[in-house]
Amino acid sequence: MAARVLTCLFTTDEGSLNASGLARRLQVSPASISKAVSFLEGQSLVRRERDERRRDRYVVDDELFYQATIASARANDRLVATARQGVAVLGPRTPAAARLENIARFLDFISESITRAADQAREVLHTKTGAAGEGTAPPEHP
């Protein structure tokens with residue numbers, strides 16, 4: 001359901017709908033929409049705003065994928081810290097501690113790479129496109 005809600009929001013020209021609009025388009029109950037939106041908000045993929053009638057509108061925009069990517073990298077950072085705490089508890093010379101340290105190093109590298117790539121590619125999210133299929137090519141990176 002979360003994927004359907006996200007797809008529905010991304011395929012609207014405005015990039016936003018209220019709960020009743022989502023429920024109507026997807027032909028599901030408002031409760032299904034509420035649960036899906038809560039999940040998507042937790043993943044930083046949807047933002048909630050109040051419209052002029054004080055109803056919640058669910059919004060996707062160019063910045064949300066960047067924010068979700070950074071949030072994912074930060075979640076990896078928490079795993080790195082936890083793994084390194086495990087190394088200290090188990091003792092650095094044990095096989096289990098070596099495994100945890102390797103996991104920490106791997107995730108630390110991945111997290112840094114994701115953050116760097118997201119920062120470098122962020123401008124792609126703000127590229128203006130013309131008619132369907134026409135767009136400005138993303139910048140080239142060495």
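Hydrogens, waters and symmetry mates are skipped; everything else that's a heavy atom, side chains included, is used. Because the structure is a prediction, the values reported are computed rather than measured.
A salt bridge links Arg84 and Glu101; the closest N-O separation between the charged side-chain nitrogens and carboxylate oxygens is under 4.0 Å.
The heavy-atom pair separating Ala104 from Ala83 by the smallest distance is CB-CB, 3.9 Å. In plain terms, the two heavy atoms of Val46 and Leu64 that are nearest each other are CA-CD1, 4.0 Å. When all heavy atoms are compared, the tightest approach of Leu26 to Cys8 is CD2-CB, 4.2 Å. Taking all atoms of both residues into account, the shortest heavy-atom contact from Val5 to Ala36 is CG2-CB, 3.8 Å.
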Could you pull out all donor-acceptor pairs under 3.5 Å where a side-chain atom in residues 66-77 meets a protein atom, sequence neighbours excluded?
from  : atom 1 : to     : atom 2 : distance (Å)
Tyr66 : OH     : Asp119 : OD1    : 2.5
Thr69 : OG1    : Phe65  : O      : 2.8
Asp77 : OD1    : Ser111 : OG     : 2.7

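Atom CZ of Arg50 sits in a crowded spot, with more than 12 heavy atoms from other residues, nucleotides or ligands closer than 6.0 Å.
Phe39 and Phe10 fall within a single hydrophobic cluster, where Ile, Leu, Val, Met, Phe, Trp and Tyr are joined by side-chain heavy atoms under 4.5 Å apart, directly or via other members. Leu22 and Met1 fall within a single hydrophobic cluster, where Ile, Leu, Val, Met, Phe, Trp and Tyr side chains are chained together by heavy-atom contacts under 4.5 Å.
The CG atom of Leu107 lies 6.0 Å from the CG atom of Leu79; values are rounded to the nearest 0.5 Å. Taking OG of Ser38 as the start and CZ of Arg48 as the end, the distance is 6.0 Å to the nearest 0.5 Å. Expressed to the nearest 0.5 Å, how far CG of Asp56 lies from CD of Glu49 amounts to 10.0 Å. Atom CG of Leu9 and atom CD of Glu14 lie 10.5 Å apart (nearest 0.5 Å). Atom CG of Leu6 and atom CG of Leu40 lie 5.5 Å apart (nearest 0.5 Å).
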Side chain to side chain contact (heavy atoms under 4.5 Å, CB included) between Thr12 and Arg25, intermediate numbers included: CA-CA 11 Å; Thr12 63; Arg25 285 177 179 231; 3.4 Å; yes
Working for side-chain hydrogen bond (donor to acceptor under 3.5 Å, both in side chains), residues Arg99 and Asn102: CA-CA 5 Å; Arg99 245 187 330 276; Asn102 287 342; over 6 Å; no
